Each structure stands twice: as C-alpha cells, then as structure tokens.
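In the text below, chain A, chain B and the rest are named by the order of the sequence lines, each starting its count at 1. Just so we're clear, the structure is a prediction, and the values are computed from it rather than from any experiment.
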Amino acid sequence: MDNSIKKLIKDSLWKGCEKLERVGISLSSLPPIFISQPKRREWGDLSTNLPFLLQKKSGEDISKIGNLLVSQLESEGFLSRVKFVSPGFINFFIAPSYLNQTIKKIIVQKEKFTQFSFGDKKRVQVEFVSANPTGPLHVGHGRAAALGDSLANILSKVGYEVKREYYINDAGGQIKRLALSVWVRLQEIEGIHVPLPDDGYKGLYLIDIAKEAKDTLGEKLRQEKNEQKLINLLGKFTVEYILKEIKRDLDEFGVRFDRWFRESSLYRNDEIPQVVSFIKDKGYIYEKDGALWFKTSSFFKNEEDRVLKRKNGEYTYFASDAAYHQNKFSRGLHQVIDIWGADHIGYVPRMKAVVQALGYPKDSLRVIIYQFVNLKRGEKSISASTREGEFISLRDVIKEVGSDVARFFFLSRTGDSHLEFDLDLAKKQSPENPVFYVQYAYARICSILRKATLEGIIVDNLEEVKLDLLITPEERELMKELALLPDQIKEAAQSLEPHRLTVCLQEIASSFHQFYTRHRVISEDKDLTFARLILIKAVKIVIKDTLGLLGISAPERM
RNA sequence: GCGCCUGUAGUUCAGUGGAUAGAAUGUCGGCCCCCGGAGCCGAAGGUCGCAGGUUCGAAUCCUGCCAGGCGCGCCA
C-alpha cells in the first residue's frame, strides 16, 4: 500500500526534469525534490521550490525554467492545476476526483489506507523506558514510554518489523545499595534502628517492600546467616517486586514489551568478556593503569577513551552495554533505536563508537534523546529523584489526569523540548484539552452515524455514492487533509517524530468541527446525505487509526 | 572550563533554507431552528534571546555572546 500523493507529484516532476534536458537545459544531476504544504490557499494544496534549485543548477532565468518545467509536465489525473509563480514556486492543485477516490479508498482499505511497505519488513528494535528496577516510574519515564510505544506503532505501520524491548539493569552496585536499603527498613520493622547509608534509597515505598519481603521470604531470611547471601536474596526479591509494579504501570499506560532483557543474563552467558575480546582483536582496546580501555577517540574526536574493565577485574556498565548491543545486532536487527533521557546524552558517542567497532554501520544505531519533564503543580516544582524519595510517580499522574491526556501531552512536543507538565493546568484544561477536542470529533461522528442507522439510512453501494456533490470549501479541506495523512505518517516514521501526528489530528478534528457547524449531514437530500455519511465515515476511520498510533483511545461516546 | 539540548504571542508549544511566522490556552466580543455548545466565528496579542555572517531568500545554516536544562567517574 502506498497512498502517497507527494510521491505521485515527485515522479511527475522527475519525468518533467528529464524532458528539460531534451529541450536543451542541462542539469548535471537532479536536486532532491521537496513537496510541502503552502501556507495560503491560493498557493495550491501542495507546492515545491524546485525552480529555485534548478536555477542554481542550470544558471537559467528562474521564471523561464519554472514555466518550461511546468509546460513539460504531463497532465496528470490527480492534479487539476499546476502553476509556476514568482518568486519561484510551482503550486499544485489536487483534482476533486482524486479526493473522491481517496475517500472511497479509506472506506475500503480502512486502517490499511495509511499503511506503507517501504519498511520492507526490515527488523527494527525500539528500546525504551529501561528504568532501573530501583523504584516506581516517574513522569520522565512516561514520556519515554509514550514516545517509544508510539514510534514503534508508526514504524510498524510503514512496513517495518518492530520489536519493543526493555533493558533491566539488574546487576551491579545500585542493586546492592537497593538491597541494603531494604535491609535497613527490615531492621526498622523489627524495631532495630540502623541508619540508612548516604547513598541508599530513601523512598518510603521500600518499607512496603520490606514488609512484603518479611511475609514472603520469612523463614528463609531468618535462616540465612551469610550476610552476602542475605543481601543477594533481598536484592533479588526487591528487583522482582519493583519490576512487577513497573510492568503493571506500563500495562495501564497501554505499553507492552516484546521482551524484557536482563543485564544479569549477559553475565550468566559470559557475553561481556566475549565482546571485550572481540573488540580487542579488532585493535580498539588497550591496557593502561591495570584497566582495559576502549578507544572512543578513534571514532570521535574530542571524545575520551573509556574503561571497559576495571583494575579490580570488574566490568563497567559500559562493557555490559557494549555486550547488550552486540547481542541486539546478533539477532539480525537492521536498525536499533534507543530512547534515552537527557542525562545519558554524553553516552551517545561512545555507544555509537562501540557499534562501529563491532563492525556495524554507523547509522544502525539511532539514539533519541528526550529532555526532562518538569513536573509542576501551579507554580510549585516537584522534583523527581528516585533516591531522594519524595516524588510523584507516573501512576499518580495517570490517575490524576488520565492516560489519554498524559499520552497526548507527551506526544505533542518534540523530544528535544524541555517540557513542563503542570498537573493543575492539565486537570483544569482537561475539558478543553486538545485530546478531548479530537476525541469529541470522533464521538460526534459516531453519534451522527448512530442516528443515520436508526433512521434506516444505509449506504449499500459505495460505487453509487455521488461524492462529487461535496463541493463546499469545508468538505474539500477535510478531504484534502485525509488525502495527505499517509505522507504525514511516513514522514513521522522517517524523522522518528511521533509528535507530528498530534498536529495532524488537531487539524483534521478542526476541519471536521468547522464542516459540522456549517453543514448538516442528514438532510432531505438523499444523495447529499449519502455522500456526507461516507465522508464522515472516512474521517472516523482515519481519526481512530491515528489515535491508535499514539496509543490514545477513540471513545464512541463521551 | 568543555560537550549536547532549549530560548518563537501573557502562558504552554508547533514550524521541511522559501511566499504575509501558526495552534492551543488565557483575555475581549459574537453564534436563529437543527445530526452532541467538550463546538463555531471574530478581535487583540511577536525586536522568532542578542549581535554578526553565509544566501536570491534565515525562526531554520555558521560564528560569538546572554539565559535555562542535562552531562563531563575505573558510578549505573
């Protein structure tokens, strides 16, 4: 499936450019063609700045080359008008017949209308959230969850074979600290006061876990005299407990992972020493001060070399992450996408360097960095540090504003923006929240369709519906937006930017509301009624489909 | 000090090197009957952080500066 109108136009321009050569305009090579939506209605439905680029290439006068190109274009059925305009654009007007066909396509193809095959079933993995199992998820993780899940939906929509993965850091020093903190709480329950270490986890949720550990492990805990083993036992229990909570939260947020990958499994399978020796054989590792260093600097200037294996013989987190990525690629993935918080920004070059050292192409790993969420309640800022304790969890946020609102909010900004999440505002605005605006359009359509069905107005032959009766500006605008949606989804996939779709949804909803307030769907005019019913049915399909990509529900009643 | 991200309307944010920079929210004003008024229409609101540069053309690219965020460990 490929319902890209931009592609049709590009192909046409391409052919036109080839003909230009025959007319004596020499172009050494064709510039990349960009099709965009102009800001003003009179500039057409789509436009290109190609004449500017051709002028640069050929040295010809811009209006000469622009007009010449337009004259060389074959008349295409999907366009009603093509026009060169000063200072150097070509404006395209989509033919009404094409829009009519689009509506029928949507009715027939349903959610396949926005599907593409250009991903070619290539295997892509999106790894996201991957929060340490040391405490509940906070809002920042919510942002990552929304981003990753939606991106995975979009990529699979355009033809990739997508897997969602969560990496669990269940090894290393932090788990020991966590276990120790639980042990301290356990002592408290027994009435023994032990001070919490400075680097311990202060969160009160550990008290519940300590109680739970006491109830569940009971005898085992008492019998275990070996301190090391006791801590291990406690650590394991705590990790599993927190993990269960994390899974539940994500489940409520509508996020399911295909695989939960444990760091500890890398240790068990000796994958870390293997990857280290592999990189060593390639010549990217040297020894200094008793430690093994990875030559980040041979891939990135201005980057310092990093330790993989410490003087004391232990591997660093970096080493296990190298092994983890080796593991990922060994599964035959074409593209690995990691979604990390801004606090890992400095980590990107060295990870990309490792991927190259392992022999994979530079771009086979793409890292999306999202900036932190500043959670607020009115003017008051709320900190979100797991170790410090006092914070509002993702679960609290969802409970307070709802999953749909939270998702839409996270997804209406680029990952690059430092976003402010004001709980008071999110709640206060919620009746007029953009997500409700979109959902309301959907519910309205459902309501009209219910009424039509009740009145026995049923379209039984799509081919006989006279869509050319839909001639008002509101109807044409709505149809145009639907026709452009496949391209928008494709572009969201290519740029890895789900937030583009929230913009599209608001525009479609707005166009629908405008149409609705000016025109009646169900009227005395049977033919017009049929046509409009088909139109809104198409809008319904598209809204539900796109909301689905964002992981947001489409309620039939509100 | 160095690296990355951000700075656009009162506020929160969109914006593909292109044409007169957009939306939501807030403020002010308007919407007869009618399929859902959680809607629609209109108005006001901008030195696109500042200063240079590249270009036919810059919110967008480059340099410097200012402000905020995040990093800069043989922690994870």
Side-chain angles (χ1 to χ4, degrees), chain A residues 34-40 42-43 47-49 52-53 55-56 62 85-89 91 132 134 169 171-175 177 199 263 288-293 302-304 306-321 341-349 369-372 374 409 412-422 425-426 428-437 439-441 443-452 454-455 491 495 499-500 502-503 506-507 509-510 512-523 529 532-533 536 557-558:
Chain A
F34 292 106
I35 311 290
S36 59
Q37 289 182 66
K39 288 178 206 144
R40 298 171 73 95
E42 60 262 36
W43 295 335
S47 73
T48 181
N49 62 348
F52 284 108
L53 308 175
Q55 177 199 32
K56 206 168 274 179
I62 192 159
V85 287
S86 188
F89 298 94
N91 296 335
N132 292 343
T134 54
N169 292 111
Q174 51 161 354
I175 300 301
R177 281 195 291 278
D199 59 356
E263 182 188 8
K288 193 182 87 180
D289 305 332
L292 290 183
W293 296 72
N302 307 326
E303 278 295 319
E304 288 171 32
R306 302 290 166 176
V307 169
L308 284 167
K309 193 178 185 182
R310 297 181 204 128
K311 194 161 51 182
N312 67 9
E314 283 177 18
Y315 290 100
T316 59
Y317 172 81
F318 179 42
S320 56
D321 229 4
D343 53 339
H344 289 82
I345 185 79
Y347 209 74
V348 177
I369 296 291
Y370 64 92
Q371 297 297 322
F372 279 4
N374 183 17
F409 191 82
S412 29
R413 282 116 171 110
T414 66
D416 284 337
S417 69
H418 307 258
L419 87 83
E420 235 169 67
F421 198 125
D422 186 335
L425 209 65
K428 197 180 112 198
Q429 286 182 351
S430 79
E432 283 145 47
N433 200 294
V435 70
F436 290 116
Y437 182 79
Q439 289 177 325
Y440 183 56
R444 259 185 166 172
I445 292 170
C446 292
S447 166
I448 299 169
L449 293 175
R450 276 195 300 269
K451 185 181 158 87
L454 270 175
E455 292 180 11
E491 285 162 21
S495 61
H499 79 274
R500 290 165 181 251
T502 62
V503 178
Q506 289 180 82
E507 277 166 5
S510 168
F512 170 74
H513 286 309
Q514 285 174 44
F515 158 75
Y516 174 87
T517 46
R518 287 183 179 79
H519 309 287
R520 279 191 68 82
V521 175
I522 300 168
S523 67
T529 299
R532 286 182 171 161
L533 280 174
I536 67 168
R557 294 171 209 266
M558 292 173 72

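Here A:Arg306 does not reach the OP1 or OP2 of B:C75: none of its side-chain N or O atoms lies under 4.0 Å away. At B:A76, none of the side-chain N or O atoms of A:Thr134 fall inside 4.0 Å of OP1 or OP2 (strictly under the cut-off). Taking 4.0 angstrom as the limit, A:Lys39 places a side-chain polar atom (N or O) nearer than this to OP1 or OP2 of B:A19. For A:Thr414, no side-chain nitrogen or oxygen approaches OP1 or OP2 of B:C13 to under 4.0 Å.
At a threshold of 4.0 angstrom between heavy atoms, the contacts of A:Pro349 with the nucleic acid are absent. Counting any heavy atom pair closer than 4.0 Å across all strands shown, A:Asn374 reaches no nucleic acid atom. Nucleic acid contact class of A:His499 (heavy atoms, under 4.0 Å, all strands): sugar-phosphate only.
Judged by atom type and distance alone, A:Asn91 reaches the base of B:A19 through a side-chain donor-acceptor pair under 3.5 Å. Looking at A:Ser47, its side chain comes within 3.5 Å of the base of B:A19 through a donor and an acceptor atom.
When the C1' atom of B:C75 is taken as reference, atom OH of A:Tyr315 falls 18 Å away, rounded to whole Å. The CD atom of A:Glu303 sits 12 Å away from the P atom of B:C72 (whole-angstrom rounding). Across the protein-nucleic acid pair, A:Asp416 atom CG and B:C70 atom P stand 16 Å apart, rounded to whole Å. A straight line from CD of A:Glu507 to P of B:A14 spans 15 Å, rounded to a whole angstrom. Across the protein-nucleic acid pair, A:Tyr347 atom OH and B:C75 atom C1' stand 11 Å apart, rounded to whole Å. For the pair A:Trp43 CH2 and B:U16 P, the interatomic distance rounds to 17 Å; values are reported in whole Å. Here B:C5 presents its P atom at 18 Å from CG of A:Leu419, a figure rounded to the nearest Å. Note: CD (A:Glu420) to P (B:C5) measures 21 Å, nearest angstrom.
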Derivation of the side-chain contact (heavy atoms from CB on, under 4.5 Å) call for A:Tyr516 and A:Ile445: CA-CA 9 Å; A:Tyr516 174 87; A:Ile445 292 170; over 6 Å; no

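Legend: residues meeting ring pair (Phe, Tyr, Trp, His ring centres under 6.0 Å) with A:Phe515, ordered by chain and number and at least two apart, are A:His519. Evaluation of the ring pair (Phe, Tyr, Trp, His ring centres under 6.0 Å) rule for A:Tyr440 yields A:His513 as partners, not counting sequence neighbours. Take A:Asp321 and apply the side-chain contact (heavy atoms from CB on, under 4.5 Å) test, not counting sequence neighbours, and it matches A:Tyr167, A:Tyr317, A:Tyr324, A:His325, A:Tyr347, A:Met351.
With A:Thr316 contributing its side chain and A:Val307 its backbone, the two residues share a donor-acceptor pair below 3.5 Å. For A:Ser523 (side chain) and A:Thr529 (main-chain N/O), no donor-acceptor pair under 3.5 Å exists by modelled atom type. A donor-acceptor pair is defined here as one N or O able to donate and one able to accept, closer than 3.5 Å; such a pair exists between the side chain of A:Asn312 and the backbone of A:Glu314.
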Reading 5' to 3' through nucleotides 35-45 of chain B, protein heavy-atom contacts under 4.0 Å coded B for base, S for sugar-phosphate only, - for none: BBSBSSS----

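Separating the C1' atom of B:C48 from that of B:U60 is a span of 10 Å, rounded to the nearest Å. Comparing B:G64 with B:C5, their P atoms sit 14 Å apart, to the nearest whole Å. Nucleotides B:C70 and B:U63 are separated by 24 Å at their P atoms, to the nearest Å. Separation of the C1' atoms belonging to B:G42 and B:G52 is 42 Å when rounded to the nearest angstrom. B:G37 and B:G45 have their P atoms separated by 32 Å, given to the nearest Å. A distance of about 14 Å separates the P atoms of B:G57 and B:A19, rounded to the whole Å. Straight-line distance between the P atoms of B:G15 and B:C61: roughly 12 Å, to the nearest whole Å. Between B:C28 and B:A9, the two C1' atoms lie 16 Å apart (nearest whole Å).
Two residues are said to be in side-chain contact when any heavy atoms from C-beta on lie closer than 4.5 Å; A:Tyr370 and A:Leu419 fail this criterion. Between A:Ser447 and A:Arg450, the closest side-chain pair of non-hydrogen atoms falls below 4.5 Å.
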Bracket notation of RNA chain B in which parentheses pair within the strand, [ ] cross earlier pairs, and | pairs with another strand (Watson-Crick or G-U, under 3.5 Å): (((((((..((((....[...)))).(((((.......))))).....(((((..]....))))))))))))....

What pairs of nitrogen or oxygen atoms, one from the protein and one from nucleotides 57-68 of chain B, lie under 3.5 Å apart?
| unit_1 | atom_1 | unit_2 | atom_2 | d |
| --- | --- | --- | --- | --- |
| B:G68 | N2 | A:His418 | NE2 | 2.9 |

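Of all heavy-atom pairs between A:Thr134 and A:Gln174, the closest is CG2-OE1, 3.7 Å.
Note: A:Arg413 CZ to A:Gln371 CD = 14.5 Å, rounded to the nearest 0.5 Å. Atom CG of A:Leu308 is separated from atom CZ of A:Phe318 by 5.5 Å, given to the nearest 0.5 angstrom.
Summary of the strand contacts: A:Gly341 and A:Lys288 both lie near RNA chain B, and taking for each the nucleotide with the nearest heavy atom, the more 5' one is attributed to A:Gly341. Across the interface with RNA chain B, nearest-nucleotide mapping of A:Ser36 and A:Asp343 shows A:Ser36 to be the residue nearer the 5′ end.
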